[in-house]
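Please read the structure below before turning to the comments.
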Amino acid sequence: MKKPFLLVANLKMNLLSRDEVKQYLQVLHRESEGKRITQAEVIMCPPILWLNEFNHLPEAFHKGAQNVFWEKSGSYTGEISPVMLKNDGIEYVLIGHSERRLYAGETNDIVRTKTHSALKNLLMPIVCIGESEEERRRGMTHSALEIQLEGIFSGLSKLQAEKVIIAYEPRWAIGSDRTPTTEEIREVKNLIQNYLTKHLDEGTAERIRVLYGGSVKSAYLGAVSWEAGMDGVLVGRESLFPYEIVKMLGLYEQYQLAIS
Ligand code: PGA
């Protein structure tokens with residue numbers, strides 16, 4: 001079955017009050033009114049405090065958390081259990097975002113532990129991988145990505161593996177208004193696909209969705225996603241504008257119409 005195009009909206013640490021959240025959601029509902037989304041799915045990832053405010057979303061929109069801990073319960077001050085998320089109706093969770101690697105010291109090992117725990121607790125992890133500027137400059141993009149893929153997938157069954165969503169986010173592209181070329185993204189997509197085929201099998205590799213993230217804008221949505229063979233996008237700053245989210249969904253619908 002064809003995978004629907006996926007747009008993950010990472011609202012990061014924004015929307016500072018309940019009033020701001022309400023306004024944001026009002027605009028989102030207004031912008032999406034009357035626009036049928038048939039070919040895509042959206043996962044809204046607001047700050048954890050506001051997740052319940054996002055209960056009533058337009059059709060085809062789901063909710064995700066921006067972080068999760070690996071233990072189920074206990075003395076882990078400030079952490080959020082995967083069971084809490086699941087019990088509260090959350091389906092998806094972002095893991096290993098480069099901002100968490102940078103500011104919260106998350107390593108590949110932590111990302112692996114969190115990913116495996118999320119899967120055991122029936123959450124679908126959106127796991128971020130990406131090379132640093134230095135790694136890219138030294139021609140180490142592929143080896144850096146392979147190490148991260150190895151961390152995520154080793155020890156997972158095929159059934160677990162196909163629930164993972166990979167977000168390829170070059171670290172230097174996040175928040176920078178710089179993006180790789182379509183060709184560079186396609187190369188990484190092929191690398192990921194080959195890795196997954198080799199370590200799992202072709203069918204499982206096909207079912208795993210691979211997204212591009214890092215300074216995504218509607219102006220060049222196609223170039224960083226479908227033209228590069230990606231299954232969707234992870235959108236940061238632009239997702240603070242509901243108009244942009246709806247515009248991107250519309251562009252994908254138009255593309256689908258054009259090729260059908
Ligand atoms: P950005 O963020 O779109 O603001 O670069 C991307 C992300 O959250 O990974």
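Whatever order the structure lists ligands and atoms in, that order sets their numbers, starting from 1.
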query = Using the ring of each side chain (for Trp, its six-membered ring), is Y255 parallel, tilted or perpendicular to W226, with breaks at 30° and 60°?
reply =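 Aromatic pair Y255/W226 classed parallel.
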key: Flag, side chain of E79 to backbone of V68, donor-acceptor distance under 3.5 Å   =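 Answer holds: no.
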ask   = Based purely on interatomic distance, does S215 place a nitrogen or oxygen under 3.5 Å from a nitrogen or oxygen of ligand 1?
value =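 Checking ligand 1 against S215, an N or O pair does fall under 3.5 Å apart.
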Heavy-atom contacts with [X] under 4.0 Å: which atoms of ligand 1 show up? List them by number with element.
X    : result
K12  : 2 (O), 4 (O), 6 (C), 7 (C), 8 (O)
N10  : 8 (O)
L234 : 7 (C), 8 (O), 9 (O)
H97  : 7 (C), 8 (O), 9 (O)

request  = Report the part of E238 in contact with ligand 1, treating N, CA, C, O as backbone and CB onward as side chain, heavy atoms under 4.0 Å; options are side chain, backbone, both, neither.
outcome  =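 Under 4.0 Å from ligand 1, E238 contributes no heavy atoms.
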query = Which is it for E169 and ligand 1 at heavy atoms under 4.0 Å: side chain, backbone, both or neither?
reply =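 Side chain only.
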query = Once you round to the nearest 0.5 Å, how far does OH of Y92 lie from NZ of K163?
reply =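 Those atoms lie 11.0 Å apart.
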task = Looking only at protein heavy atoms, identify the closest one to atom 4 (O) of ligand 1 and say how far it is in Å.
result =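 Going by distance alone, atom 4 (O) of ligand 1 is nearest to R237 NE, 2.6 Å.
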request  = Run down the list G175, G236, G214, A167 and name the one with the heavy atom closest to atom 3 (O) of ligand 1.
outcome  =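 Looking at heavy atoms only, the winner is G236.
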task = Any chance you could lay out the salt bridge (charged side-chain N to carboxylate O under 4.0 Å, His left out) test for R209 and E41, step after step, and finish with the verdict?
result = CA-CA 12 Å; R209 285 191 270 192; E41 283 177 358; 3.7 Å; yes
task = Give the intermediate values and the outcome of side chain to side chain donor-acceptor pair (under 3.5 Å) for residues Y252 and Q256.
result = CA-CA 6 Å; Y252 184 71; Q256 280 298 311; 2.8 Å; yes
